[in-house]
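Everything below concerns the one structure shown next.
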Amino acid sequence: MKGQEFLRELNEEQRAAVLAPDGPILVLAAAGTGKTRTLVYRVVHLIRRGIAPDQILLLTFTNKAAREMLERAEAAAGAAVSGLWGGTFHHMANRILRRHAPLLGYPPEYTILDREDAESLMKRIVKSLEVDSLLFPKADVLLSLISEAANSGGPIEELIAGRFRDLSEATQMQIREAVFRYEKEKRALKAMDFDDLLVNGLRLFREHPEVEAYYQNRFRHVLVDEYQDTNFIQAEWVNRLAAAHRNLFVVGDDFQSIYGWRGADYRNILEFQKVHPETQVFKLETNYRSTPEILAVANACIAGNPRQFQKVLRSTRASRRPPLAARVRDGEAQARFIISQVRRLLGEGVRPDEIAVLYRAHFHALELQMRLMREGIPFVITSGPRFFEQAHLKDVLAVLRLMRNPGDAISFRRLIRQLPGVGQRTVDRLWERLGGMFSALQSSARRTLEGLLPRKAVEDWRRIASAWEAVERGETPIKALDVFVERFYRVYAETHFDDPERRLEDIQETQRYMAKYDSLDAFLSEVALMTNLEAEEESTRRQGAPCLRLSTVHQAKGLEWRVVLVPWVVEGMFPSARSLAENPLGHEEERRLFYVAITRARDELIFGVPELRQMRDGGIMFCKPSRFLEEIPKGLLQEVRLPYV
DNA sequence: CCCATCATGGTTTTT
DNA sequence: CCATGATGGG
């Protein structure tokens, strides 16, 4: 595209934001109003103005979003965008921390702990405290507490005192001890958990003004997508980054703030102008995505939330049929109904990948999944356990992680416990006798360990160790995994999993994926931070065939489909009972979540409203239609009741 | 001390 | 219904 021609692709609202002069800019972009396009063209505009791409930082909510934006910017601006920094807060913090980790007392090869790693670490700590297990919080509860403290920037002592006020003082003391040990152990492991990446990213700037000044100077323009979902640390971090040039361009929609439970605080967007008084504000309200009928429902839904920026979605599209609410008997009937709708749509020529089923929680889709499989309808799920958190992939990653970080006790335990005759106790003792580190790439260290192992473990141990020997001989890590699989893991997989072929294929897939990275550290960080959305995209890219999509509403953020079906729109499910119980403002966030689901739909929106729920104990529970449906004026929805079949 | 079996308890959302 | 945790035999 030449000259300013790209501006023709923008409407008045978007163009004003794209061309705005330097300074802090807040773009309030309602759903479907071309937020991504605005952000992309702002980047293009900056580059055309002569800003070097490596002076621009683009923070997005997922890496997928970053990649898409960069691809689009490249299409519009040519190869000129290369060098631009784009990705999630976690990624960018990691990228910066890898360079400066020693300033904070970490080696540059620090390991990133994913959720599972953190949980297993905490479990061991709780165990070592020898507490009365019935009255002591579970590891995941402790971790969520630590995370809450980190993300809100508040002191953890107060959180403990508040959340566990019913527990004895002695128990609270032990909780504080568990938290303390968790931090200490992470240090010993030379590892950071997800929150540490953000916390340390901020700490790096606070404690090292010369580093802060370097990045403040380097990034002349900072752009942030989905600003409504930033938390305390993230907001502080970007404020600091942009403090020198003051070119902070944030885009968001307070109506779509759905990560409050993770510390996101939409006051960041509401109060942006207070923090940056010279802010220019732009509103995008013209919706290009959905039919007027769908938007009417969206507007009616969000009207239930006061105290937010008032925005009304204006449609540009022609009318279609109104959204449909179908009352069905139960989950089974709902699954049959959804499948019949999918069949109808396919018959009308809708492509399967233009249809999505979006739900509040994974388990809402169980019945549907079974039925889809039984009926042979292909689908993809962007939910459930993350690709790289599956046991076999973590096993393989442990080989690599230990190679980079000799202090990684978690990987050590994982591998060594696979040896016959080695259980928890033995591995603990081994680790202690090794002095809390194991240099897998040194033959002397490997020999030392071999001498400490029980006799019957030695043969398998040598097989595992052959992977590291290969690296010592100068083989690549990818090749080393071949050795690991052929000498040890193939047999292990065949004897421990009921689907070894699939798992070995996953490993090959991982090796192919590794080939794209020029350093092992880069690969390992990427894998730790990769979401399902990104992993799944990787695998469908090869398989090709377009599929019906099943996803949580959270993971559907920023995406759109021609047809959206939402099951279980009943009280207790959507809104989720648990969310209402835990958070006094839970209903507002649930309503925003419902709004996000609605506004993903272009042409058709269909709700499933079962009348009863089969409980696990064999009983049944009657369901009330969701308050969010009741709030929508009659006439905006078409309601049907399906016969009991 | 390891490992398999049995019971129990608990189901939100994710970087 | 599934995963995790306790328990007891080897």
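In the text below, chain A, chain B and the rest are named by the order of the sequence lines, each starting its count at 1.
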Using atom [atom1] of [X] as one end and atom [atom2] of [N] as the other, report the distance to the nearest whole Å.
| X | N | atom1 | atom2 | value |
| --- | --- | --- | --- | --- |
| A/R591 | B/dT13 | CZ | P | 21 Å |
| A/K138 | C/dA6 | NZ | C1' | 11 Å |
| A/H90 | B/dT14 | NE2 | P | 14 Å |
| A/D140 | B/dG10 | CG | C1' | 11 Å |
| A/R425 | B/dC3 | CZ | P | 15 Å |
| A/Y259 | B/dT13 | OH | P | 11 Å |
| A/W261 | B/dT13 | CH2 | P | 8 Å |
| A/R417 | B/dC1 | CZ | C1' | 13 Å |

Legend entry - For A/D521, all residues meeting side chain to side chain donor-acceptor pair (under 3.5 Å), sequence neighbours excluded: A/R404
Legend entry - salt bridge (Lys or Arg N to Asp or Glu O under 4.0 Å) partners for A/E526, two or more places apart: none
Legend entry - Inter-residue atom distance A/W431.CH2 - A/I410.CD1, 0.5 Å rounding: 10.0 Å
Legend entry - Touch class at under 4.0 angstrom, heavy-atom based, for A/F89 against every strand present: nothing
Inset, instruction - Name the nucleic acid region contacted by A/R429, choosing base, sugar-phosphate or nothing; use a 4.0 angstrom heavy-atom cut-off, strictly under. - result: sugar-phosphate
Legend entry - base_contact_polar (B/dT15 base, A/R115 side chain, donor-acceptor, <3.5 Å): no
Inset, instruction - Evaluate whether atom CZ of A/R425 has more than 12 neighbouring non-hydrogen atoms of other residues, nucleotides or ligands under 6.0 angstrom away. - result: no
When you check the phosphate oxygens OP1 and OP2 of [N], does a side-chain N or O of [X] lie under 4.0 Å from one of them?
| X | N | answer |
| --- | --- | --- |
| A/R262 | B/dT14 | no |
| A/H91 | B/dT15 | no |
| A/K123 | C/dG5 | yes |
| A/T552 | B/dT14 | yes |
| A/H362 | C/dC2 | no |

Inset, instruction - Report yes if some heavy atom in the side chain of A/L198 is under 4.5 Å from a heavy atom in the side chain of A/N231; otherwise report no. - result: yes
Inset, instruction - Hey, which sits more toward the 5' end of DNA chain B by its nearest nucleotide, A/S576 or A/V427? - result: A/V427
